[in-house]
Amino acid sequence: MALIVQKFGGTSVATTDRIKNVAKRVARWKKEGHDIIVVPSAMSGETNRLIGLAKEISATPDPRELDVIASTGEQVTIGLLSMALHEEGLKAKSYTGPQVRVLTDSTFTKARILQIDDDKIRKDLADDYVVVVAGFQGADEDGNITTLGRGGSDTSAVALAAALNADECQIYTDVDGVYTTDPRVVPEARKLDTITFEEMLEMASLGSKVLQIRSVEFAGKYKVKLRVLSSFQDEGEGTLITVEEEKQMEQPIISGIAFNRDEAKLTVLGVPDRPGIAYQILGPIADANIDVDMIIQNLGHDGSTDFSFTVTRGDYNKALKILNESAGKLNARGVVGDNKMCKVSAVGVGMRSHPGVASKMFGVLAAEGINIQMISTSEIKISVVIEEKYLELAVRVLHKTFGLDQAD
Ligand code: ADP
Ligand code: ASP
Ligand code: MG
């Protein structure tokens with residue numbers, strides 16, 4: 001007998017029929033004698049709808065109130081799923097995040113989990129209940145409702161698994177595991193039996209949203225056994241996220257290609273090349289709470305530099321306005337930008353021991369006539385920023401070049 005946390009994503013609970021199917025799957029595990037905690041997301045599209053309603057009232061909704069609204073999607077699915085479990089003849093009880101007491105900090109819309117009370121859940125499990133806990137939400141010290149950032153139910157599930165010392169955390173979704181790249185973009189993508197935490201963390205933070213980044217961080221930190229599986233198939237082992245040593249000896253250099261469309265690039269042209277310029281440009285951007293990703297600075301022959309960086313598209317207009325305001329003070333020649341950029345990355349722990357990956361990557365992109373505008377590397381990844389119109393082409397050729405296509 002094991003203690004298992006099962007998380008079901010939005011598409012898996014999109015209709016009442018699908019919720020009934022989820023209940024049937026949970027019932028099978030329960031009847032095998034396992035203790036089960038289920039964490040559903042909101043029905044697919046529901047969180048977007050709720051945020052949309054808030055934006056109809058206010059262009060810049062108050063974050064506290066936004067969380068009050070956005071968290072309700074999961075309150076619906078926990079109730080429905082508990083009822084569906086009753087119909088399967090099981091004892092089941094639902095809790096919202098605040099009811100469990102998933103304690104978070106007060107960063108509304110992207111709160112961090114600080115602690116989880118396990119008393120009620122443990123008592124219910126001992127009384128043979130399936131415990132259904134709302135994903136994506138918690139409450140801060142003062143009882144304010146908080147949400148954990150988009151895709152946050154993954155993190156709720158992993159945090160519960162860590163708090164209760166579960167034997168496994170299963171993330172059920174609409175694909176049957178983690179693939180070498182998004183199978184919706186490259187049909188030749190291959191399902192991975194295992195992927196290391198480190199690689200999964202890079203993939204997630206570089207745009208593969210099959211798992212929320214924080215859930216992977218949490219699982220790595222608390223040694224939670226984490227598996228991604230399909231909620232639409234009965235068979236299959238899915239993908240197990242592992243520590244590096246557990247991977248097979250003979251591993252590919254590149255494990256996957258990640259991409260992110262949500263990229264915009266801004267350039268301050270011809271600023272004087274002197275100490276403090278980066279601070280002067282990025283200081284006001286940071287003060288406006290805008291996250292900067294890649295940064296590049298090119299020295300021209302006249303002693304001036306072009307300073308470029310990327311932000312998410314949602315922050316593009318705000319960042320452009322700030323730069324235009326500071327351009328005069330900086331003595332810059334001008335500000336230009338493009339919000340139709342994307343980032344494509346090759347990820348693999350094998351890169352550590354194999355030089356030449358970057359040049360191979362740049363070579364194939366050049367052969368396709370794709371201009372690389374920015375580059376960033378770490379020990380296990382290489383990312384390039386390119387125009388969005390080349391995204392599919394770049395992902396496909398890189399996937400093939402690094403031997404990831406199914407046929408290879
Ligand atoms: P859920 O609603 O179940 O949380 P998500 O939409 O958040 O599901 O995540 C699943 C989706 O992630 C898949 O439908 C797939 O399009 C996308 N995805 C992106 N990259 C990958 C990848 N490398 N492997 C598998 N799926 C991926
Ligand atoms: N319902 C939330 C969202 O759409 C959380 C989740 O699905 O994980 O972002
Ligand atoms: Mg998700």
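For ligands, and for the atoms within them, numbers begin at 1 and follow the listed sequence.
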Colleague: Please report whether ligand 1 has a polar contact with Arg184, defined as an N or O pair separated by less than 3.5 Å (distance criterion only).
Modeller: yes

Colleague: If the test is side chain to side chain contact (heavy atoms under 4.5 Å, CB included), which one of Val271, Thr305, Ile281, Val268 qualifies with Gln297?
Modeller: Thr305

Colleague: Show the atoms of ligand 1 that are less than 4.0 angstrom away from any heavy atom in Lys209.
Modeller: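 Counting from 1, the qualifying ligand atoms are 7 (O), 9 (O).
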
Colleague: When you measure from the side chain of Asp118 to the backbone of Arg122, do you find a donor-acceptor pair of N or O atoms at a distance under 3.5 Å?
Modeller: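 Not a single qualifying donor-acceptor pair exists.
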
Colleague: Report the part of Val228 in contact with ligand 1, treating N, CA, C, O as backbone and CB onward as side chain, heavy atoms under 4.0 Å; options are side chain, backbone, both, neither.
Modeller: neither

Colleague: What residues come within 4.0 Å of ligand 2, counting heavy atoms only?
Modeller: Ser41, Ala42, Thr47, Glu74, Phe136, Arg150, Gly151, Gly152, Ser153

Colleague: Between the side chains of Asp193 and Lys191, is the shortest nitrogen-to-carboxylate-oxygen separation below 4.0 Å, so that they form an ion pair?
Modeller: yes

Colleague: Which residue is it: Leu206, Thr180, Leu404, Val186? I am looking for the one with a side chain to side chain contact (heavy atoms under 4.5 Å, CB included) to Ile257.
Modeller: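 Among the candidates, only Leu404 passes.
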
Colleague: Test salt bridge (Lys or Arg N to Asp or Glu O under 4.0 Å) on Arg396 and Asp405; report intermediate values, then the result.
Modeller: CA-CA 9 Å; Arg396 260 190 281 117; Asp405 278 7; over 6 Å; no

Colleague: Checking contacts here: is it the side chain or the backbone of Asp182 that comes within 4.0 Å of ligand 1, counting heavy atoms only? Could be both or neither.
Modeller: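 Within the 4.0 Å criterion, Asp182 contacts ligand 1 through backbone and side-chain atoms alike.
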
Colleague: Is a side-chain donor or acceptor of Thr15 paired with a backbone partner of Arg18 at a separation under 3.5 angstrom?
Modeller: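 At least one qualifying donor-acceptor pair exists.
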
Colleague: Distance alone, cut at 3.5 Å: any donor-acceptor contact between the side chains of Gln170 and Gln6?
Modeller: yes

Colleague: Show which atoms of ligand 1 fall inside a sub-4.0 Å distance from at least one heavy-atom site of Asp174.
Modeller: 10 (C), 11 (C), 13 (C), 14 (O)

Colleague: Quick one: do Glu388 and Lys343 make a salt bridge, cutoff under 4.0 Å?
Modeller: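 Lys343 and Glu388: not salt-bridged.
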
Colleague: Against heavy atoms of Thr173, which atoms of ligand 1 measure under 4.0 Å?
Modeller: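 Contacts of ligand 1 toward Thr173, numbered from 1: 1 (P), 3 (O), 8 (O), 9 (O), 10 (C).
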
Colleague: Would you mind running through ligand 1 and noting each atom that sits below 4.0 Å from a heavy atom of Tyr179?
Modeller: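 Contacts of ligand 1 toward Tyr179, numbered from 1: 22 (C), 23 (N), 24 (N), 25 (C).
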
Colleague: For Thr239, which of Val210, Leu211, Ile195 qualifies under side chain to side chain contact (heavy atoms under 4.5 Å, CB included)?
Modeller: Ile195

Colleague: Looking at atom 2 (O) of ligand 1, what's its closest protein heavy atom, distance included?
Modeller: Gly10 N, 3.2 Å

Colleague: Among Gln212, Glu217, Arg112, which residue meets the side-chain hydrogen bond (donor to acceptor under 3.5 Å, both in side chains) test with Thr155?
Modeller: Gln212

Colleague: Which of the numbered atoms in ligand 1 are below 4.0 angstrom from a heavy atom of Ser208?
Modeller: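 Those qualifying, in numeric order: 20 (N).
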
Colleague: Sorted by first residue and then second, give each ring-ring contact (aromatic ring centres under 6.0 Å, His included) pair with at least one member in residues 165-184; sequence neighbours left out.
Modeller: Phe8-Tyr172

Colleague: I'd like the name of whichever of Val210, Val186, Leu206 reaches closest to atom 9 (O) of ligand 1 through any heavy atom.
Modeller: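 Nearest option to atom 9 (O) of ligand 1, by heavy atoms: Val210.
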
Colleague: Is it the case that Thr104 and Thr146 place a side-chain donor and acceptor less than 3.5 Å from each other?
Modeller: yes

Colleague: Check whether any N or O atom of Lys7, backbone or side chain, sits under 3.5 Å from an N or O atom of ligand 1, and answer yes or no.
Modeller: yes

Colleague: So, is Pro183 polar-close to ligand 1, with some N/O to N/O distance under 3.5 Å?
Modeller: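 There is no such contact.
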
Colleague: Less than 4.0 Å between a side-chain N and a carboxylate O, is that true for Asp338 and Lys265?
Modeller: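 Asp338 and Lys265: not salt-bridged.
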
Colleague: Which atoms of ligand 1 have any heavy atom of Val178 under 4.0 Å away?
Modeller: 24 (N)

Colleague: Below 4.0 Å from any atom of ligand 1, is there a heavy atom belonging to Gly177?
Modeller: yes

Colleague: Can you find a protein heavy atom closer to atom 6 (O) of ligand 1 than 4.0 Å?
Modeller: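 It does not; no protein heavy atom is within 4.0 Å.
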
